[in-house]
S.K.: 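Pasting a structure below so you can have a look.
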There are 2 protein chains.
Amino acid sequence: MNAPTPPEAAFSIAAVERDTGLAKDTLRVWERRYGFPAPARDANGERLYPPEQVDKLRLIRRLLDHGRRPAGIVGASAEELAAMLDSCLCPQAAATAAGREDGLLQLVRLHRSVELNAALRQALMKQGLQRFVADTVAPLAAAVGEAWMRGEVEVPEEHLFTEQVQNVLRSAIGAHATPGGRPRVLLTTFPEEDHVLGLLMAEAMLVPEGAACLSLGTRTPLADIRSAAVGGGFDIVGLSFSIAYPARQAIDGLLELRALMPDEITIWAGGAAVRDKQKRLPGIEVVGGLDETLAALQAWRAVHPQSM
Amino acid sequence: MNAPTPPEAAFSIAAVERDTGLAKDTLRVWERRYGFPAPARDANGERLYPPEQVDKLRLIRRLLDHGRRPAGIVGASAEELAAMLDSCLCPQAAATAAGREDGLLQLVRLHRSVELNAALRQALMKQGLQRFVADTVAPLAAAVGEAWMRGEVEVPEEHLFTEQVQNVLRSAIGAHATPGGRPRVLLTTFPEEDHVLGLLMAEAMLVPEGAACLSLGTRTPLADIRSAAVGGGFDIVGLSFSIAYPARQAIDGLLELRALMPDEITIWAGGAAVRDKQKRLPGIEVVGGLDETLAALQAWRAVHPQSM
DNA sequence: GACACCGTTTGTCCTGGACAAACTAATCTT
DNA sequence: AAGATTAGTTTGTCCAGGACAAACGGTGTC
């Protein structure tokens, strides 16, 4: 009844949904419309996706997240996909370079985890928490994502990377913590978003400045964000959106939250999905990058001098 | 197109799937078979679930996880459900008592997070990492789950709790780490499992004993576990299964992994789903509780003396 | 540049049927 | 009494193919 495990070297539709993040309905309708994926069938008529197609679907998913539309890519051959990949990656070559520069990217390997951990801690000690996050972790995370698209890094290595960064950042944040500080910042994501690194990086930028941060983790419903913010006496609520988050949904959700929440609580929104959307987000402070977090904090303090 | 946000005070089927963990197909078939849930419909004929029904579905989901079957509970009234709840909770009253005893459970509130954090750190300092995990964190986690079922704690408070425990444990583990130690233990979960606390607790038990642990995080495919274990020179692979994990799937997956992996690598399996399943898991060491982790470690070291 | 329009693309939802895996319970074996 | 078989029931997942509203891309207008 629970049938997530693939029989041989083929994946059930449920397993593909889990591994690619593409809904079952989407997989079926793509097959109908574009002729891809084209899974085999088992004795019972159920779809069996070969691993190559699952890999291709994962890649398509990422290209979609980077703004492409299905029409051009779902029917495309592997070569065409590779070509698109280049055009998608080139503009971000800077991030890649930064990641490679200090050799950290080479340590994102399953068998080099000890070195990765040591190197991350060393970089943290050398740079301090804020520079570490803004100049090392963030570019490295982008570089890992790109390396994955090129096939240089595997999915579990990306998970390992996330895991190691969490270890380092959570330790460092715990060491810096200033529970009585101001402003009090509540950090979380909307219910469909479960990328945790954005939250941790924001927290790591704020805590050394003396802000009192609390992370609710990911996937908090709007109503709960409101009650947590009001009940906890928070000054600011910070929301993080990954590149995969639909921009429209982010905007609607933020405006809804703004309407729900008392005016004296500031809302910050950060991450790829909301960058450059300040115009459409009245009453909300869009934080375009990690360094802008500091500016936003200064601005808040300038307006709320008594709270220091 | 993306329609996860509920319009008014009602939830779309996608939102209910997200919030309850019950698949869309399951929600529809329950409606057909048991007459519950009974959502309203919007102008377009799409289901709109009122919040009370979503709450009830969440509760049903947990009762299911605790071994009940749908026939008896999906059609049941709120009162009947409450009665079942008691019979489900009573046997575990010990855990509840332990959680309440030191008052930590009262701190699992959105507005008391600072106190919770302080109390957790204090308990850690007083008890040491291993006793803290086995005697405080684990019972408290069980107590929080039960308190949620009673309606004494909300979902976001449970998330907050997980978040805070992660902060404390990851800091402590980082402080104890012995990268060159033996055995080398790889920790992760199967692809359908995403509870992270089990992994962290296991790591927290092992690291003070001088084992070198590496957590891949959750949701690692079998093949990747194999390649990570072999490529990383690990002695032991530890898998964690929450109570919600289907026992059959755990057993099948573990046996498959055993067949995939070289014999010299030991496999440990822990968590509610595999407890008492040792008979059906030849070649795998079932670790029945956190304290048994230490026994398992001693046993391994007795058999592999050269590796010390 | 911002905004409103319009045809096209696209993801999600629907119904109702089917079936194998998981469970329960009763029976048989050691 | 504990374990293995068997038979019957429950239950989650999958399928097909149709439908539709929201999102998008381009064009024209202020």
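Each chain gets a letter, A, B and so on, in the order its sequence line appears, and its residues count up from 1.
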S.K.: Would you indicate which nucleotide in D:dG12, D:dT13, C:dT10 comes nearest to any side-chain atom of B:Ala23?
M.R.: D:dT13
S.K.: Please state whether the phosphate of D:dC14, meaning OP1 or OP2, lies under 4.0 angstrom from any side-chain nitrogen or oxygen of A:Lys24.
M.R.: yes
S.K.: Between C:dT12, C:dT10, C:dC14, which nucleotide has the shortest distance from any of its atoms to the side chain of A:Val29?
M.R.: C:dT12
S.K.: On a plain distance test, is the side chain of A:Arg32 in donor-acceptor contact with the base of D:dG17 below 3.5 Å?
M.R.: yes
S.K.: Can you confirm whether A:Arg280 is buried at CZ, in the sense that more than 12 heavy atoms of other residues, nucleotides or ligands lie under 6.0 Å from that atom?
M.R.: no
S.K.: Kindly write out the residues that satisfy ring-ring contact (aromatic ring centres under 6.0 Å, His included) with A:Tyr245, not counting sequence neighbours, or none if the list is empty.
M.R.: A:Phe241
S.K.: Distance check needed: C:dC14 C1' versus B:Glu31 CD, whole Å only.
M.R.: 11 Å
S.K.: Which pair of non-hydrogen atoms, one from A:Leu81 and one from A:Ile73, has the smallest distance, and what is that distance?
M.R.: CD1-O, 3.6 Å
S.K.: Quick check for you: among C:dT10, D:dG12, D:dA23, whose closest atom lies nearest to any side-chain atom of A:Ala71?
M.R.: C:dT10
S.K.: For B:Arg41, answer base if it contacts any base atom (sugar-phosphate contacts may also be present), sugar-phosphate if it contacts only those atoms, and nothing otherwise; contact means non-hydrogen atoms under 4.0 Å.
M.R.: sugar-phosphate
S.K.: What I'd like to find out is whether the side chain of A:Asp224 reaches to under 4.5 Å of the side chain of B:Val155, using heavy atoms alone.
M.R.: no
S.K.: Is any side-chain heavy atom of A:Leu27 less than 4.5 Å from a side-chain heavy atom of A:Leu57?
M.R.: yes
S.K.: Is the phosphate of C:dT9, meaning OP1 or OP2, less than 4.0 Å from a side-chain N or O of A:Arg68?
M.R.: no
S.K.: Do A:Arg69 and D:dG25 share a donor-acceptor pair, side chain to base, under 3.5 Å?
M.R.: no
S.K.: Could you check how far CD1 of A:Ile13 sits from C1' of C:dT12, rounded to whole Å?
M.R.: 14 Å
S.K.: Choosing from C:dT12, C:dC14, D:dT13, which nucleotide comes nearest the side chain of B:Arg28?
M.R.: C:dC14
S.K.: Hey, does B:Phe36 have a side-chain heavy atom less than 4.5 Å from the side chain of B:Lys56?
M.R.: yes
S.K.: Rounded to whole Å, how long is the line connecting atom CH2 of B:Trp30 with atom C1' of D:dT10?
M.R.: 13 Å
S.K.: Is the shortest side-chain N/O distance from B:Thr26 to OP1 or OP2 of D:dT13 below 4.0 Å?
M.R.: yes
S.K.: Expressed in angstrom and rounded to an integer, what is the separation of A:Asp25 atom CG from D:dA16 atom C1'?
M.R.: 11 Å
S.K.: If I take atom CG in residue A:Leu27 and atom P in nucleotide D:dG17, what distance separates them, rounded to the nearest angstrom?
M.R.: 17 Å
S.K.: Do the side-chain N or O atoms of A:Tyr34 get closer than 4.0 angstrom to the phosphate oxygens (OP1, OP2) of C:dT9?
M.R.: no
S.K.: Should the heavy atoms of other residues, nucleotides or ligands under 6.0 Å from CZ of A:Arg248 be counted, would the total exceed 12?
M.R.: no
S.K.: What nucleotide, of D:dG12, D:dC14, C:dT12, holds the atom closest to the side chain of A:Arg33?
M.R.: C:dT12
S.K.: Calculate the interatomic distance between B:Gln249 atom CD and D:dG12 atom P; express it in whole Å.
M.R.: 14 Å
S.K.: Both A:Glu17 and B:Lys279 contact DNA chain D. Which one's nearest nucleotide lies toward the 5' end?
M.R.: B:Lys279
S.K.: In whole angstroms, how far is the P atom of C:dG11 from the OH atom of A:Tyr245?
M.R.: 17 Å
S.K.: Using a 4.0 Å heavy-atom cut-off, does B:Asn44 contact any base of the nucleic acid, only the sugar-phosphate backbone, or nothing at all?
M.R.: sugar-phosphate
S.K.: In terms of heavy-atom contacts, does CZ of A:Arg58 have more than 12 from other residues, nucleotides or ligands at under 6.0 Å?
M.R.: yes
S.K.: Measure the angle between the two terminal helix axes of the helix from C:dG1-D:dC30 to C:dT30-D:dA1, five base pairs each, and quote it to 10°.
M.R.: 50°
S.K.: Tell me: CD1 of B:Ile60 to C1' of D:dT11, nearest whole Å?
M.R.: 15 Å
